[in-house]
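Each residue takes its place number in the sequence, starting with 1. Heavy-atom basis, side chains included; hydrogens, waters and symmetry copies ignored.
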Amino acid sequence: MKQLGYLGRDVEVVSINNTQYLVASCDSCGAIGMKELDAFKISWFVTGKLTTRVALLEVLSTGAVPQLLTVAISNEPNPTGDELLKGVNNELESAGLKTLPMAISTEKNMPTQQTGLGISVIGVVQKNNLRLGTAQLGDDVYCLGLPKVGSELSNPDDPEIAQVKAIQALLGIPSIHDIIPVGSRGIRREAEQLASTVNSRLRIDPSCILDLDKSAGPSTCLVFSSSSSSSISTSSSSFLSTKGLNHGFLNFPDLPLSRIGQLY
């Protein structure tokens with residue numbers, strides 16, 4: 001199977017001029033909502049909010065600034081479309097992106113019995129700020145948040161899962177290098193992908209108690225590499241402090257942080 005995405009990531013990166021890249025990501029969600037034949041019943045608000053979050057996290061983790069968003073709704077405008085869009089808009093507001101331009105399409109010709117949603121986010125990043133492939137040998141690798149999926153996700157504001165504000169805080173810490181949102185492939189696969197982009201390998205910390213192979217659903221956690229000299233504390237599985245972080249995570253006291261291992 002052909003490996004899709006830039007450096008195996010769930011984004012595509014295209015040079016648009018001498019100084020900038022265009023970064024694109026998308027996420028799809030099917031049979032999750034309140035339709036008759038939906039496999040998992042949950043409010044359309046939550047479906048819209050979490051699907052939007054995934055696409056935003058993917059683009060933001062590269063260092064790019066979102067410029068626009070598209071919403072493809074494979075259902076009627078009302079009530080499904082309206083409720084999905086409430087979730088989309090709520091997530092944008094939570095991320096400080098309330099005014100992000102948006103293109104929207106709904107299904108107006110055919111009746112549907114399952115929820116279908118696709119979100120795309122397009123961003124721009126200065127070439128010297130692209131954060132892909134920036135990890136270094138000797139970096140420690142961490143997981144922020146817990147992998148959750150399905151019925152574990154009734155609350156999109158669960159303090160144990162990663163949100164856009166958390167990744168924005170990570171981006172402001174100089175000692176942190178690559179950041180990868182975790183999806184259905186699980187923590188181990190994403191951490192190994194992070195290592196492979198810089199021709200290194202991952203040595204797993206035997207004290208790590210996370211289920212490294214569990215699906216993280218809509219990117220409920222993320223992995224990142226950090227200079228081993230940054231001395232990140234993971235006391236009680238909470239993100240407490242780093243030498244390079246004095247303020248960024250004070251608003252996320254319950255967001256779990258676990259050391260996965262080290263690049264070698």
Side-chain angles (χ1 to χ4, degrees), residues 10 25-35 38-61 66 69-75 79-100 102 104 114-121 143-171 179-187 190 210-211 214-223 237-239 248-257:
D10 292 331
S25 182
C26 63
D27 191 51
S28 61
C29 185
I32 300 176
M34 298 302 295
K35 284 285 187 184
D38 280 342
F40 179 65
K41 295 294 197 295
I42 198 167
S43 73
W44 287 309
F45 175 88
V46 172
T47 298
K49 183 174 178 67
L50 291 181
T51 307
T52 302
R53 183 179 298 173
V54 172
L56 284 174
L57 289 175
E58 291 290 355
V59 168
L60 286 166
S61 69
L69 178 145
T70 71
V71 185
I73 299 171
S74 300
N75 305 107
T80 307
D82 288 345
E83 291 302 312
L84 287 168
L85 285 170
K86 287 179 182 178
V88 173
N89 283 308
N90 183 269
E91 182 62 18
L92 291 177
E93 184 171 1
S94 297
L97 298 168
K98 184 177 181 179
T99 60
L100 191 68
M102 188 187 314
I104 304 166
Q114 286 184 305
T115 301
L117 175 65
I119 301 287
S120 295
V121 174
C143 177
L144 184 64
L146 297 180
K148 297 190 179 187
V149 68
S151 60
E152 298 173 298
L153 289 170
S154 59
N155 176 20
D157 297 316
D158 182 344
E160 293 184 336
I161 66 176
Q163 301 188 35
V164 171
K165 290 292 186 182
I167 204 169
Q168 289 169 333
L170 281 181
L171 290 166
I179 306 171
I180 302 182
V182 179
S184 59
R185 298 192 298 179
I187 295 167
E190 299 292 7
L210 289 177
D211 184 346
K214 178 183 177 180
S215 169
S219 296
T220 62
C221 60
L222 52 89
V223 297
S237 299
S238 295
F239 204 122
F249 276 86
L250 295 179
N251 293 325
F252 310 100
D254 299 319
L255 188 58
L257 178 78

As an exercise, state the distance from [atom1] of [X] to [atom2] of [Y], rounded to the nearest 0.5 Å.
| X | Y | atom1 | atom2 | answer |
| --- | --- | --- | --- | --- |
| Ser154 | Lys148 | OG | NZ | 9.0 Å |
| Glu93 | Thr99 | CD | OG1 | 11.0 Å |
| Leu57 | Ile180 | CG | CD1 | 13.0 Å |
| Cys143 | Leu210 | SG | CG | 5.5 Å |
| Asn90 | Thr52 | CG | OG1 | 9.5 Å |
| Leu69 | Leu100 | CG | CG | 6.0 Å |

[X] to [Y] - nearest heavy-atom pair and separation:
| X | Y | value |
| --- | --- | --- |
| Pro79 | Trp44 | CG-CZ3, 4.2 Å |
| Gly33 | Thr115 | CA-OG1, 3.7 Å |
| Pro156 | Ile161 | O-CD1, 3.8 Å |
| Ser215 | Ser184 | OG-CA, 3.4 Å |
| Leu60 | Leu171 | O-CD1, 3.5 Å |
| Gln114 | Ala31 | NE2-CB, 3.5 Å |

Flag the pair [X] / [Y] as yes when at least one side-chain heavy-atom distance between them is below 4.5 Å, and no otherwise.
| X | Y | result |
| --- | --- | --- |
| Met102 | Val88 | yes |
| Leu56 | Leu92 | yes |
| Leu153 | Asp158 | no |
| Leu50 | Ile32 | no |
| Met34 | Thr80 | no |
| Ile167 | Ser61 | yes |
| Ile73 | Leu85 | yes |

Step-by-step side chain to side chain contact (heavy atoms under 4.5 Å, CB included) determination, Val149 to Thr220: CA-CA 8 Å; Val149 68; Thr220 62; over 6 Å; no
Please test Val54 against Asp10 for side chain to side chain contact (heavy atoms under 4.5 Å, CB included), starting from the C-alpha separation and ending with a verdict. CA-CA 10 Å; Val54 172; Asp10 292 331; over 6 Å; no
Among residues at least two apart in sequence or on other chains, which ones pass salt bridge (charged side-chain N to carboxylate O under 4.0 Å, His left out) with Glu91?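 By the salt bridge (charged side-chain N to carboxylate O under 4.0 Å, His left out) rule, Glu91 matches Lys49, Arg53.
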Who are the salt bridge (charged side-chain N to carboxylate O under 4.0 Å, His left out) partners of Lys35, not counting sequence neighbours?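 By the salt bridge (charged side-chain N to carboxylate O under 4.0 Å, His left out) rule, Lys35 matches Glu76.
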[X]: partners by side-chain contact (heavy atoms from CB on, under 4.5 Å), with sequence neighbours left out:
| X | answer |
| --- | --- |
| Val182 | Ile187, Glu190, Ala216, Cys221, Val223 |
| Ser74 | none |
| Thr51 | Asp27, Cys29, Thr47, Leu117, Ile119 |

Excluding sequence neighbours, so at least two apart, what forms side-chain hydrogen bond (donor to acceptor under 3.5 Å, both in side chains) with Asn75?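 Expected list: Thr112.
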